[in-house]
2 protein chains.
Amino acid sequence: MEPLTTEQKIIEAASKLFSRKGFAATKTREIAEEAGINLALLNYYFGSKENLFKGVVKEKLRMLLEAMIPILSDAKVPLDQKIATIARNYTKLLLENEELPIFILNEWSVNKELFVDITRNARLFTMPVIQEQLKEKGITTNTADFIVNILGLVMFPFVAKPMITSSGLVKEEEFADFVKRREGNIVEWINKINA
Amino acid sequence: MEPLTTEQKIIEAASKLFSRKGFAATKTREIAEEAGINLALLNYYFGSKENLFKGVVKEKLRMLLEAMIPILSDAKVPLDQKIATIARNYTKLLLENEELPIFILNEWSVNKELFVDITRNARLFTMPVIQEQLKEKGITTNTADFIVNILGLVMFPFVAKPMITSSGLVKEEEFADFVKRREGNIVEWINKINA
DNA sequence: AAGTGATTTAATCATTTGTTTAATATTCCC
DNA sequence: GGGAATATTAAACAAATGATTAAATCACTT
């Protein structure tokens, strides 16, 4: 495999540190050290810490949305399959990137202006398709609840992981099994909710 | 009403700013300005920024847990009533403190050591009571799922509020109605899930 | 091999930031 | 009312931090 370019090394280090600690707590010198590069290269390639952060956030947000939007908005995919696919996609994605949802949701909450910029011209959700499919099946649950319920059931365990594990509700070493078991259950649960 | 003491003014300002922006992004000078006090008083009363932060986190965590733990762990409260009370408590609490859950969950994620200190000797969840009550009613849902589902359904909309509103899924001005409507639905949903 | 542009480095700058100090003001108690 | 404890202030300090500079090195073309 190719060795990473300087630019890639910086992005990887920044991605890791920003995700773990957030924007303000991550220092440019830490990123440089983690990447194994000279501090000045960070500004040489990305201009500023903020600009680098924007790049990381964009990529992370894309990862988070891509597991959901294309599936939700595809009218050819039936509702049942949408639920199953989203549960599967997120369980896999978030097991590999546990800090992803809390990072994005927290930065979005703390730094709304940044996301106005990033999400401009980006259709985040396509409600009409879902609305139609719910109607077809005679389901009265409203569209927003439908989506929020799925996301809540699948994402919340990751968002609240420290609370869940440190309370003993789920042991740290059993967490992966816990969410994998939920993956299958969520499809049933959502169907029961909508019945 | 009594005028606030200096100590109280600092706590209120710190509480507001830490909740909104997190530890690292909040500067001591901002806190002092927001509180309308001299910068040195912060250290005079609280010793350090970190110590002040710990106080704020403790109080916020207490708020978040108190809406749940006493109810969950009370064997005299039947399961149905537990669900309804927790949904009601959190909807009210979080409408009044929208940043509360994302603040606590993010800081917990970012700064685990701090919470080891704070939650030491604090029984966060009491599973045996719930486990017994689920068994009595012949519900096969496991205890962790039961609790995570309730919390996810009730807390997730607040955690993901920026995403939900800026995507147009729920309009900002309709958000309060949205979660109030969910409050009643959640009881039904949880019962359906467990049926 | 020389020249050219891109990349990397060490050093430095200007601010910001958490904290402390020493002096002044205020409150409390006898 | 005076003196001791408490509270408040302005100023300063040292370290940290994001960014920049100018020189050095590297890669590539001719």
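Here is the naming used below: chain letters follow the sequence lines, and residue numbers restart at 1 for every chain.
Comparing D/dT6, C/dG18, D/dT9 by their closest approach to the side chain of B/Y44 singles out D/dT6. The side chain of B/L41 lies closest to D/dT9, out of D/dT20, D/dT9, C/dT19. When distances run from any side-chain atom of B/N38 to the nucleotides C/dT17, D/dA10, C/dT9, the shortest one goes to D/dA10. Comparing D/dT17, C/dT8, D/dA10 against the side chain of A/T6 picks out C/dT8 as the nearest.
Put simply, CZ on B/F46 is 13 Å from P on C/dT19, counting in whole angstrom units. Residue B/K54 contributes atom NZ, which lies 17 Å from atom P of C/dG18 at whole-angstrom precision. Between the CD atom of B/E33 and the C1' atom of D/dT9 there is a distance of 16 Å, given to the nearest Å. Atom CG of A/L42 is separated from atom P of D/dG18 by 9 Å (rounded to the nearest Å). Rounded to a whole Å, the NZ atom of B/K49 is 15 Å from the P atom of C/dT16. When rounded to the nearest whole Å, the span between CG of A/N43 and C1' of C/dA14 equals 14 Å. Separating the NZ atom of A/K21 from the P atom of D/dT17 is a distance of 9 Å, rounded to the nearest angstrom. Atom CD of B/E50 is separated from atom P of C/dT17 by 18 Å (rounded to the nearest Å).
Among the atoms of the strands shown, only primed sugar atoms or phosphate atoms (P, OP1, OP2) are found under 4.0 Å from some heavy atom of B/T26. Using a 4.0 Å heavy-atom distance criterion, B/L39 is classed as a base contact.
The one candidate from A/I186, A/N194, A/I193 that meets the side chain to side chain contact (heavy atoms under 4.5 Å, CB included) condition with A/N149 is A/I193.
Checked against the 6.0 Å centroid threshold, A/F156 and B/F156 do not count as a close aromatic pair. Proximity of the aromatic rings of A/F158 and A/F175 is defined here by a centroid distance below 6.0 angstrom, and this criterion is met.
Between A/T28 and the phosphate of D/dT17, there is no side-chain N or O to OP1/OP2 separation shorter than 4.0 Å.
Using cut-offs of 30° and 60° on the angle between ring planes, the pair A/W108 and A/F115 is parallel.
Using a 4.0 Å cut-off between a side-chain N of Lys or Arg and a carboxylate O of Asp or Glu, B/E59 and B/R62 qualify as a salt bridge.
The residue among A/Y45 and A/R29 whose nearest nucleotide of DNA chain C is located toward the 5' end is A/Y45.
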